[in-house]
Amino acid sequence: MTLFGIGGKTITTMGASLSLVPLLDYFARREFAAAGLSPGAITLPYPGGGGEATCTVHYWASTGEPRLPPLLLVHGFGPRATWQWRCQVGPLSRHFHLIVPDLIGFGGSSYGGESAASPPSEATQAAALAALLDALPGMKGRRVAVAGTSYGGFVAYWLARTAGAGRVGPVVIASSDLLKTAADDRGFLKRAGDGWSGVEEVLLPAEPAAMRKLIEMASYRPPPPVLMPDFILRDFIQKLFTENREQLIQLFKGITVGTDKFPVTPISQEVLIVWGEQDQLFPVEKAYAVQSSLDGKARVEIISKTGHAPQLEDPTRFNKILLDFLLATHNCKPDPSSNGASQ
């Protein structure tokens, strides 16, 4: 998770009264607008909720009906989609019609709380994304590539497997341990050090110490402690994690991909697995375990000197890897006016 970088630069603050969240949000939104994407929101029946339960899915998408092959970008835990994909939308928008939603319970997307049957599972998220795609202009029944980072990779895999290759084309799994087990959680807590009662205490921080630990574990080169004072971290926690924290804890504990309920099995789509070499949340060896579970046919790319968010720590390399894969597999031709890897 990278919270303090914009365009490779570090933001500092002059006083405790300044909130960085609106500033970072402004820069992220500006990247999306500059790439030709516009925000929108749609209210849909809450998948599996029954009765009158609904959910609202906020998204950014390329304007109009698709003239380029569609590509769905699915974010992970943490900040909203604009923060997590801000370094990709410019280069990718030259080749693809982009759809970048906030998953239910994150960012601007929400659901009916007590009127819904339960917090959204990966199945719920995937069904909502499928409904969103069908509701967007020119997208009903259109084949779409999908890329998911961290938790978004779980959702991307579920969507690809359940929708099938006729609806979902190439799949990118980035920093997503689809085979996460209790043993992995114990390993995570060992790497985090003493004092943590559960993985969710770090991944969904409620206190500055947990937020600081999350940034340290997620980043290859985290900001120095002087740039992470408690008042800044409390501001991030309040604005990004507090409102839906209990719902997100339930969502995290209820992950079913890789369990007996939904074991990871090969899919017919072409798959790219991308991982940061220094990922301390999901260690790099899990990339090869996921590859093995997919019949060993998935392509694996490891990006050196990056942690859990290689798309933010080395966007030039990440973008080139994505474009090389997608341009070869998703029925599109390179734009001769662009090298695709620039930011």
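All values below come from the heavy atoms of this structure, side chains included, with hydrogens, waters and symmetry mates left out.
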Report yes if the side chains of V144 and F96 come closer than 4.5 Å at any heavy-atom pair, otherwise no. no
CG/L272 to OG1/T329 distance, rounded to the nearest 0.5 angstrom? 8.5 Å
Is it true that R317 and E301 have a side-chain N and a carboxylate O under 4.0 angstrom from each other? yes
Which heavy atom in S175 sits nearest to a heavy atom in F282, and how many Å separate them? O-CD1, 3.2 Å
Among V171, T162, I267, V271, exactly one meets side chain to side chain contact (heavy atoms under 4.5 Å, CB included) together with Y157. Which residue is that? I267
Take S293 and L179 through the side-chain contact (heavy atoms from CB on, under 4.5 Å) test and state the conclusion after the steps. CA-CA 9 Å; S293 73; L179 304 172; 4.1 Å; yes
Is there a path of hydrophobic side-chain contacts, each under 4.5 Å between heavy atoms of I/L/V/M/F/W/Y residues, joining I321 to L326? yes
Closest heavy-atom pair and its distance - Q311, Q88: O-NE2, 2.9 Å
Any donor-acceptor pair under 3.5 Å from Q269 side chain to A160 backbone: yes
In the single-linkage hydrophobic clustering (I, L, V, M, F, W, Y; side-chain heavy atoms under 4.5 Å), do L68 and W85 co-cluster? no
Main-chain N/O of F77 paired to S150 side chain as donor or acceptor, under 3.5 Å: no
Roughly how far, to the nearest 0.5 Å, is the CG atom of L98 from the CG atom of L72? 9.5 Å
Quick one: closest heavy-atom pair of L227 and I232, and the distance? O-CD1, 4.3 Å
Contact check, side chains of P223 and I215, non-hydrogen atoms, under 4.5 Å: yes
Backbone N or O of L178 within a donor-acceptor pair of the S176 side chain at under 3.5 Å? no
Give, for atom CD of Q84 and atom OH of Y151, the distance between the pair rounded to the nearest 0.5 Å. 12.5 Å
Pair S121-T124, side chain to side chain donor-acceptor pair (under 3.5 Å): steps then yes or no: CA-CA 5 Å; S121 64; T124 306; 3.2 Å; yes
Can you name the nearest heavy-atom pair linking I99 to P70, along with the distance? CD1-CB, 4.2 Å
Look only at the side chain of R29 and the backbone of Y26, and say whether a donor-acceptor pair between them is shorter than 3.5 Å. no
Correct closest heavy-atom pair for E201 and A210 would be O-CB, 3.4 Å
Evaluate side-chain contact (heavy atoms from CB on, under 4.5 Å) for E200 paired with K253, printing each intermediate quantity in order. CA-CA 8 Å; E200 67 277 1; K253 290 183 174 180; 3.5 Å; yes
Can you tell me if CZ on R191 sees more than 12 non-hydrogen neighbours from other groups inside 6.0 Å? yes
If we ignore hydrogens and angles and just use 3.5 Å, is the side chain of R143 paired with the main-chain N or O of A165 as donor and acceptor? yes
Can you hop from I303 to Y220 via hydrophobic side chains spaced under 4.5 Å? no
Do P47 and C55 come close enough that some side-chain heavy atom pair is under 4.5 Å? yes
Verdict with reasoning, V274 to I302, per side-chain contact (heavy atoms from CB on, under 4.5 Å): CA-CA 6 Å; V274 187; I302 307 300; over 6 Å; no
Parallel, tilted or perpendicular: which describes the rings of F262 and W158, with under 30° parallel and over 60° perpendicular? parallel
Under the ring pair (Phe, Tyr, Trp, His ring centres under 6.0 Å) test against H75, which residue among F106, W60, Y59 passes? F106
Measuring only between side-chain heavy atoms, which start at C-beta, is T256 closer than 4.5 Å to E122? yes
Salt-bridge contact R142-D134 (side-chain N to carboxylate O under 4.0 Å): no
Identify whether the distance between the nearest side-chain nitrogen and carboxylate oxygen of K286 and D177 falls below 4.0 Å. yes
Drop me the distance from L37's CG to F32's CZ, to the nearest 0.5 angstrom. 6.5 Å
CD1 of I255 to NZ of K180: how many Å apart, nearest 0.5 Å? 5.5 Å
dist T306:OG1 -> L312:CG (nearest 0.5 Å) comes out at 10.5 Å
Quick one: do L322 and V172 satisfy side-chain contact (heavy atoms from CB on, under 4.5 Å)? Show the steps, please. CA-CA 8 Å; L322 244 66; V172 179; 3.8 Å; yes
Grab the two heavy atoms, one from P205 and one from I237, that are nearest each other, plus how far apart they are. O-CG2, 3.6 Å
Could you check whether any side-chain heavy atom of V89 comes within less than 4.5 Å of a side-chain heavy atom of S93, counting everything from C-beta outward? no
Side-chain donor/acceptor of D25 to backbone N/O of V21, under 3.5 Å: no
I'd like to know if K305 pairs up with D314 as an ion pair, taking the criterion as any Lys NZ or Arg NE/NH1/NH2 lying under 4.0 Å from an Asp or Glu carboxylate oxygen. no
Please examine the side chains of R212 and L233, heavy atoms only from C-beta on, and report whether any two atoms are closer than 4.5 Å. yes
Test item: D279 side-chain N/O and L281 main-chain N/O as donor-acceptor pair under 3.5 Å: yes
Just by modelled atom types, is the S19 backbone N or O under 3.5 Å from a matching donor or acceptor in the D235 side chain? no
Heavy-atom distance under 4.5 Å between the side chains of V202 and V199, does that happen here? no
Say whether, by atom type as modelled, one donor and one acceptor occur between the side chain of S292 and the main chain of A289 under 3.5 angstrom. no
Would you say R245's side chain and L204's backbone share a donor-acceptor pair under 3.5 angstrom? yes
Would you say the side chain of L203 lies within less than 4.5 Å of the side chain of F241, judging by non-hydrogen atoms? no
Would you say the side chains of R67 and S62 form a donor-acceptor pair under 3.5 Å? no
